[in-house]
Amino acid sequence: ELVSLVFNKILLQPLFNILIFFYDLSGDFGVAIILLTTLIRLVLYPLSAKAIRSQKELSVIQPQIQEVQRKHKGDQAAQAKELMKLYQEHNINPFSGCLPILIQLPILVALYRVFLDGLDPAQLVNLYYFIPKPDLINPEFLGFLDLSGRNLFLALAAGAFQFWQSKASLPQQDKKGVRASPTQAIMSKQMLYFFPALTVIISASLPAGVALYWLTTTILGLIQHFLVKIKPKQQTTLQN
């Protein structure tokens, strides 16, 4: 009960109020979801940007990682010790990429509830006193897409952009020709197709509002990925 109370007070109720605020502002439930998703992305931007940079730095030192793995192939303890030392030398946190994902999971669960509750007039009693209470909530997006039901088109679009994001996030081949190990290559390829497929399956089975959220957050994630990737290049050019 305590976990449920904390979840409702910290995540569910604030997100619900922000969604209704954006709905009052825009008059469109889909636009409200897009605005809410953008706000969440902006709040999580520092963590996501750090994760992208760490991922890029990991790909840069991939030859050194492989050398450590080769040198201590039969000694897992020594391998882990040397790898941790290597990460510290380059100021890299190999687990930083997990944090944005872990944070987004409870947010996704809360948003699922928000999109469902947002269409129930009885839930409007949970609005803060300073949030205007709408008389009626129209679940349509742009006047024709019903976000209260399932929508295969949005689910497929979310899966397609998830595939693009996964592909963009894969470490590129090093200029010296160093490639990932066969095991890493197989795992990367599996994850490349696994997450998009999972996105389509989940999005197609839930209200279209969730699919619109996932599509929007993936597109924003792609934009952020390329911005973070381009920024160091611009800094290097200015320094030269």
Nearest atoms (heavy-atom pairs only) where G209 meets I33: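 Heavy-atom minimum between the residues: CA-CD1, 3.7 Å.
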Can you tell me if N138 uses its side chain to pair, donor with acceptor, with the backbone of G27 under 3.5 Å?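 Answer holds: no.
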Are the side chain of Q162 and the backbone of T218 linked by a donor-acceptor contact shorter than 3.5 Å?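 Flag not set: sc Q162 to bb T218 has no pair under 3.5 Å.
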What residues form a side chain to side chain contact (heavy atoms under 4.5 Å, CB included) with [X], not counting sequence neighbours?
X: D146; result: P139, S148
X: K81; result: none
X: I18; result: F22, L36, L39

For Y129, all residues meeting ring pair (Phe, Tyr, Trp, His ring centres under 6.0 Å), sequence neighbours excluded: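 Testing Y129 for ring pair (Phe, Tyr, Trp, His ring centres under 6.0 Å), a comparison that skips the adjacent residues, returns none.
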Considering residues at least two apart in sequence or located in another chain, which fulfil the ring pair (Phe, Tyr, Trp, His ring centres under 6.0 Å) criterion with Y128? F130
Taking salt bridge (Lys or Arg N to Asp or Glu O under 4.0 Å) as the cut-off, I'd like each qualifying pair that reaches into residues 59-68, sequence neighbours left out, listed once. E67-R70
Residues that, via side-chain heavy atoms closer than 4.5 angstrom, fall in one hydrophobic cluster with [X]:
X: V125; answer: none
X: V200; answer: L152, L156
X: I201; answer: none

Is there a side chain to side chain contact (heavy atoms under 4.5 Å, CB included) between F21 and L127? Walk through the geometry before answering. CA-CA 9 Å; F21 171 76; L127 288 176; over 6 Å; no
For E140, give me all partners under side chain to side chain donor-acceptor pair (under 3.5 Å), at least two apart in sequence or on another chain. none
Please check if L15 and L42 belong to a single hydrophobic cluster, counting links between Ile, Leu, Val, Met, Phe, Trp and Tyr side chain heavy atoms closer than 4.5 Å.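 Not linked; separate clusters.
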Between atom [atom1] of [X] and atom [atom2] of [Y], what is the distance when rounded to the nearest 0.5 Å?
X: L35; Y: L25; atom1: CG; atom2: CG; value: 7.0 Å
X: L124; Y: N17; atom1: CG; atom2: CG; value: 10.0 Å
X: L212; Y: L147; atom1: CG; atom2: CG; value: 6.0 Å
X: L206; Y: N151; atom1: CG; atom2: CG; value: 12.5 Å
X: T216; Y: F161; atom1: OG1; atom2: CZ; value: 10.0 Å

Non-hydrogen side-chain atoms of L154 and F141 separated by less than 4.5 Å: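 No - every pair of side-chain heavy atoms lies 4.5 Å or more apart.
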If you define the side chain from C-beta out and look only at heavy atoms, does anything of P134 sit under 4.5 Å from I20? yes
Using the side-chain hydrogen bond (donor to acceptor under 3.5 Å, both in side chains) rule, collect all pairs that involve residues 194-211, keeping only residues at least two apart or in two chains. T199-W214
Which side-chain hydrogen bond (donor to acceptor under 3.5 Å, both in side chains) pairs, counting each pair once, include a residue from residues 20-44, with sequence neighbours left out? R41-T217, R41-Q224
